[in-house]
Amino acid sequence: MTGRRPDLAEPRRRREADDYASRVLDVVDAIPEGNVMSYGDVAELLGEGGPRQVGRVMALWGGGVAWWRVVHADGSLLAGHEQAALARYAAENTPLRQPAAGGPPRIDMRRARLGS
DNA sequence: GGTGTGACGCAGG
DNA sequence: CCCTGCGCCACAC
C-alpha cells in the first residue's frame, strides 16, 4: 500500500530502539555481585547488536543499573568512573588484578567474567 | 546521502 | 605497555 503513514512508522522504530535498550539493561541487571561482563559478552548473550550498541545503551541509560559490572574485554575499567567502580568492586569483592607498580587496576577477567 | 563519532574489540607493529 | 588501523553499527549534522 502506498499510504506509509510516516507518523506511525517513525514511532515504531523508536519503540524498537527502546526495547533493545531495555533488553541490554535487563542483562546487565542480571549480572551477579562479584562478576562482570564485557560489552561484547552482553551483545553475544543478547544475540543482537554489537559491543558498540551495548556501549551506547550504557552511555545513555546505564545510570539505572549496575554499570560497573560492564567492563572492557581486556578488564580495563570505565574511563572517568574508575574510582566509583573501584569502590563497588571492593564492596562486592570482585577479583581484581593488581598492577606491578602504580598502574591502573584491572578486572581479573579469568575469575570475574560471567559464564566461563 | 556522505562524513564523523563513540561507556567496543581485535590484530599488528 | 603503547599506539594505529580496521570492522562494526546506530546516530547527529
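Chain A is the first sequence line, chain B the second, and so forth, proteins listed ahead of strands; every chain is numbered from 1.
Contact record, A/Leu25 with A/Met58: CD2-SD, 4.3 Å, taken as the closest heavy-atom pair. Closest approach of A/Arg69 to A/Ile31, counting heavy atoms only: NH1-O, 2.8 Å. Summarising the geometry of A/Glu92 relative to A/Trp68, their closest heavy-atom pair is OE1-NE1, 3.2 Å, with the distance given to 0.1 Å. Annotation for A/Met109 and A/Gly75: closest pair CG-CA, 3.6 Å, computed over non-hydrogen atoms. The minimum heavy-atom distance linking A/Ala43 with A/Gly49 is given by the pair CB-O, 4.1 Å. The heavy-atom pair separating A/Asn35 from A/Ala112 by the smallest distance is ND2-O, 3.0 Å.
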One character per nucleotide, please: for nucleotides 8-13 of chain C, 5' to 3', B when the base has a protein heavy atom closer than 4.0 Å, S when only the sugar-phosphate does, - otherwise. BBSS--
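If you measure from atom CD1 of A/Ile107 to atom C1' of B/dA7, you get 15 Å, rounded to the nearest angstrom.
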Can you list the steps and then say if A/Gln53 with A/Tyr39 is a side chain to side chain contact (heavy atoms under 4.5 Å, CB included)? CA-CA 9 Å; A/Gln53 277 57 264; A/Tyr39 296 89; over 6 Å; no
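Within the structure, a side-chain polar atom (N or O) of A/His72 is placed less than 4.0 Å from OP1 or OP2 of B/dG9.
Separation of the C1' atoms belonging to C/dC13 and B/dA7 is 22 Å when rounded to the nearest angstrom.
The closest side-chain heavy-atom distance from A/Leu86 to A/Pro105 is below 4.5 Å.
To the nearest 0.5 Å, atom CZ of residue A/Arg88 and atom OG1 of residue A/Thr94 are 11.0 Å apart.
When each of A/Pro51 and A/Pro104 is assigned the nucleotide of DNA chain C bearing its nearest heavy atom, the one mapping closer to the 5' terminus is A/Pro104.
Within residues 20-43 of chain A, no residue approaches DNA chain C, by heavy-atom distance under 4.0 Å. Near-neighbour residues of DNA chain B inside residues 58-69 of chain A, defined by a heavy atom below 4.0 Å, number-ordered: A/Met58, A/Ala59, A/Trp67.
A salt bridge between A/Asp26 and A/Arg23 is absent, with no side-chain N of the basic residue lying under 4.0 Å from a carboxylate O of the acidic one.
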